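The block underneath contains the structure these notes are about, expressed in C-alpha cells.
Only heavy atoms go into these numbers, but all of them, side chains included; no hydrogens, no water, no symmetry mates. Model, not experiment: these values are computed from the prediction.
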Amino acid sequence: MALHVPGLIMMVVFYLVVLGIGIWASLKSKKMEKSTVGGQIEVSFLANRRVSPAVGVFTMTATWVGGAFIIGVAETVYDPTKGLVWALIPLQMSVSFIIGGLFFAKPMRDKNYVTMMDPFQIKYGKTLTGFLAIIPFVSEMMWVPVTLISLGVTVSVFSDLPLSLCIWISAAVAITYTVLGGLYSVAFTDIIQLSLVFCSLWLCAPFVLASGVYTDITQTAFNFTNRGPWLGRIESYDMWRWIDNFLAMSVGNLAFQDFHQRTLSSSSTSTAKMICFIAAGVVLVLGIPPVLIGAVAASTDWNSTSYGSPSPYDRGEAAMVLPIILLHLTPTAVFVVGMGAIAGAAMSSTDSCLLAATSIFTTNIYKLIRHQASDRELQWVIRSSIVLVGIVGTSLTYLDSSILAFWILSSDLTYTIMLPQLICILFIRVSNPYGAVIGYIIAFVLRVLCGEPLFNLPPILHFPGCTLEDGVYIQRSPFKTICMLVSLVSIVGFSFLASILFEKEILSERWDVFKVKSQGAPAEGARECDEEMAKNENEPMLDLHC
C-alpha cells in the first residue's frame, strides 16, 4: 500500500508519547523501590500494590482489549466461514472477569501473592512449582504474537514497509518502555491507551456506518447478498466445538498471569473485586464498534471503494479488514485517529504479556535456581527476560498471521492444563504434589494426542465426530473441555489415593518423595500454610515457603 503520511506521523507521535510515559514511570518506580520492603520484584511486577480502583479498571480492561481484540473481532465477523456467532470475544472476556471477581480475586489478593504460581510454591515446594510454571510462561509468550500481529498490521496499512518489519519495530517500542518502567509503565500507559481506544472507536464507527457503500447490515445479517450472512451460523455438528471454544476463551483466561497481576497489584481485596466487575461491563461496550465495522466490511461492495476488487478475504487480507475499512471508508482525520486506537490497544496488551511472562520466570523459575539472588541481580534478570520474551514471542509471528489462531492456542494451554491445577490449589485441600504431577502429565499428553493444526500436528486420539476436511482432521467434540475435566478429576483422585497409601502405610514412607505423610494430611499442611500467611498478610510474598 502507498505511504500514508498523516497516519505515519500519528504513529510516530504515539510511540514517542508512550516512550515518554515509560521513562517517567521508570523514574517513579526507582523512587518507590527505596521505600518498599518488597524491593525490585514488588515494584516492578505489582506497582507496590498501590493501584487504585480507577487505574485498576483501566489496566484490567486495556490488558484484554488489545489490538487482537479489536482486529480479531472485526476479522471474525467479516470472515464468511465464521461470523458474529464465532466472534463472542467481548462476551467471553466479560464472563471471565465476573467469575474472576466472584471466586479468584479474594483468595489470591488476601494472601499477598506476587504471581499466580505462589500458592503452588507454598504447598508443593519450589521445584515442582518451577515445573508447573512452564505452561503459564509459554502461554504468556504465545500471547505476544497475538498482540504484535495486530500492531504490525496497523503500521503496514499506511506504509510501504513489510508486515514482518512493522511487527519488529512495534515490538522494539513495547519492549523498551516495559523494560524501563515495569507495571508502573504498563498501568499508566494503559490509561492513555484505553482512553484513546474508547474515544476513537466510537468516533470511527458512525463515519463507517455513514459511508453509504454497503448494503444495510440489518439485511445482510440474515440474508445472502454478496456473500453469506455476517451473523454466521452454528451447524449442529459444530455446536460442541463452539461451546468448547467459548469455555476455553472465557474460563480459561482465569489461568493467565495477566489477570491475577491486576488483582494482586490492587490496593485492597475489595478494589481487586471491584475492578473485575466494572471491567466486565466496559469490555462489552468496547466490543460493539469492531462488531459494527466487521458487519459493514461483510456488507460492502468493494468495487464502490478505492480498495477495489477482489475483496480483502479473497486477497488473503481478512486480518487487516478493520484498518482497511477505516482507510477506504472514512475521512483521513478519522482514519488517523482510528489507527491510533488500534495501536494503543495493541501496545497495552503487548506490554502486559511481556511483564506477566517475566514475572513468572523471575519469581517461580529463576529464583528456584538462584535462591539468594540480590535485588540488583533480579533487576537485570527482569530486564533481560522482558527482552528475551519479546524476541521469542515476536519470532513466533512467522508461524501464522492469524490473530485468532494464536489467541485460541494460548487460551487452550491455560484452559486444559493450568486451570484444573489452579482450581485444586485454591479450593480443594486434598490436592497434593502427586495428583498435580499426574494431572499435569495427563492433560499435556491428552492435548497433544488431540492434535493442533497450527503446528501441523495431526490428531492421534479421535473423539466422536472427528472428520477429515481438506486433508486436515477436525475434532468436533469438546476435546479441550474433556482434557480439562480429565485433568481435574485426575488431580483430585490421585491426590486422595496418594494420601491414603502413605498415611495408612500401605506404601513405605521411603517412597514418599513429596513428604505427604510427614506434613500430616494434605489439608493440615495447607491449613498450616494458611495460618502462617494470615500472620504475614501485610508482607510481600517473596520468600515463599511454609
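Between T363 and D118, the closest side-chain pair of non-hydrogen atoms falls below 4.5 Å. Using a 4.5 Å heavy-atom threshold, the side chains of Y78 and I325 count as separate. Side-chain contact between H328 and F335 is absent, with no heavy atoms from C-beta onward closer than 4.5 Å. When side chains are defined from C-beta on, P119 does not count as touching K111, because their heavy atoms never get closer than 4.5 Å. Considering only heavy atoms from C-beta on, T481 comes within 4.5 Å of Y415 through its side chain. Counting only heavy atoms from C-beta outward, the side chains of T115 and F45 never approach each other to under 4.5 Å. Between L264 and R49, some side-chain heavy-atom pair lies under the 4.5 Å cut-off. Within the 4.5 Å cutoff, no side-chain heavy atoms of Q257 are placed close to those of L355.
Legend: side chain to side chain donor-acceptor pair (under 3.5 Å) pairs involving residues 288-299, not counting sequence neighbours, sorted by first then second residue: T220-S299.
A distance of 7.5 Å separates CZ in R447 from CG in L413, rounded to the nearest 0.5 Å. If you take OG on S359 and CG on D258, they are separated by 8.5 Å, rounding to the nearest 0.5 Å. Atom CD1 of I386 sits about 4.5 Å away from atom OG1 of T358, to the nearest 0.5 Å. Between the CG atom in N303 and the OG1 atom in T305 there is a gap of 7.5 Å [rounded to 0.5 Å]. Once rounded to the nearest 0.5 Å, the distance linking CH2 of W302 with OH of Y313 reads 14.5 Å. Once rounded to the nearest 0.5 Å, the distance linking CD of Q92 with CG of N245 reads 8.0 Å.
Heavy-atom contacts from other residues, nucleotides or ligands closer than 6.0 Å to CH2 of W240 number 12 or fewer.
For D79, the salt bridge (Lys or Arg N to Asp or Glu O under 4.0 Å) partners two or more places apart in sequence, or in a different chain, are K82. The side-chain contact (heavy atoms from CB on, under 4.5 Å) search around V387 returns I175, V179, I391, not counting sequence neighbours. With sequence neighbours excluded, no residue satisfies ring-ring contact (aromatic ring centres under 6.0 Å, His included) with W168. F246 meets the ring-ring contact (aromatic ring centres under 6.0 Å, His included) test with W242; sequence neighbours excluded. Residues passing the ring-ring contact (aromatic ring centres under 6.0 Å, His included) test with F427, sequence neighbours excluded: F104. Considering only residues two or more places apart in sequence or on other chains, T414 meets the side-chain contact (heavy atoms from CB on, under 4.5 Å) condition with S139, A255, F256. For R241, the salt bridge (Lys or Arg N to Asp or Glu O under 4.0 Å) criterion is met by D238, not counting sequence neighbours. For Y214, there are no ring-ring contact (aromatic ring centres under 6.0 Å, His included) partners, not counting sequence neighbours. Qualifying side-chain contact (heavy atoms from CB on, under 4.5 Å) partners for R233, counting only residues two or more places apart in sequence or in other chains: E235. Here A133 pairs with M117, I360, N364, I365 under the side-chain contact (heavy atoms from CB on, under 4.5 Å) rule; sequence neighbours left out.
Proximity of a side-chain donor or acceptor of D190 to a complementary backbone N or O of M60 within less than 3.5 Å is not detected. When atom types are taken as modelled, the side chain of R315 and the backbone of S309 share a donor-acceptor pair closer than 3.5 angstrom. Side chain of D216 to backbone of T218: a donor-acceptor contact under 3.5 angstrom is found. The main-chain N or O of I217 is found under 3.5 Å from a side-chain atom of W230 such that the two form a donor-acceptor pair.
Residue L396 comes nearest to M142 through the heavy atom pair CD1-SD, 3.7 Å, listed as atom of the first residue, atom of the second, then distance. Closest non-hydrogen pair, L231 versus A221, comes out as CB-O, 3.0 Å. Here the shortest heavy-atom pairing between A357 and F137 reads O-CD1, 3.3 Å. For the pair P145 and G393, the tightest heavy-atom approach, listed with the atom from each and the gap, is CD-O, 3.4 Å. F69 approaches I89 most closely through the heavy-atom pair CD1-CG2, 3.7 Å. Pairing each heavy atom of L254 with each of S96, the nearest pair is CD2-O, 3.3 Å.
Exactly one of Q261, R262, E140 qualifies for a side chain to side chain donor-acceptor pair (under 3.5 Å) with S352. That residue is R262.
R109 and S266 share no side-chain donor-acceptor pair at under 3.5 Å.
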Handout entry: Candidate pair D301 and T215, rule side-chain contact (heavy atoms from CB on, under 4.5 Å), full reasoning
Key = CA-CA 8 Å; D301 178 7; T215 307; over 6 Å; no

Exercise for the section: Starting from the C-alpha separation in whole Å, work towards a yes-or-no answer on side-chain contact (heavy atoms from CB on, under 4.5 Å) for K480 and L247. Expected result: CA-CA 9 Å; K480 299 173 189 177; L247 291 174; over 6 Å; no

Practice task
Show the numbers, then the answer: is there a side-chain contact (heavy atoms from CB on, under 4.5 Å) between L426 and M108?
Solution key: CA-CA 8 Å; L426 292 178; M108 295 293 285; 3.8 Å; yes

For residues 269-298, please give each side-chain donor-acceptor pair under 3.5 Å, one per line with the distance, not counting sequence neighbours.
| from | atom 1 | to | atom 2 | distance (Å) |
| --- | --- | --- | --- | --- |
| T269 | OG1 | D110 | OD1 | 2.5 |
| S270 | OG | S268 | OG | 3.1 |
| T271 | OG1 | S267 | OG | 3.4 |
| T271 | OG1 | S268 | OG | 2.9 |

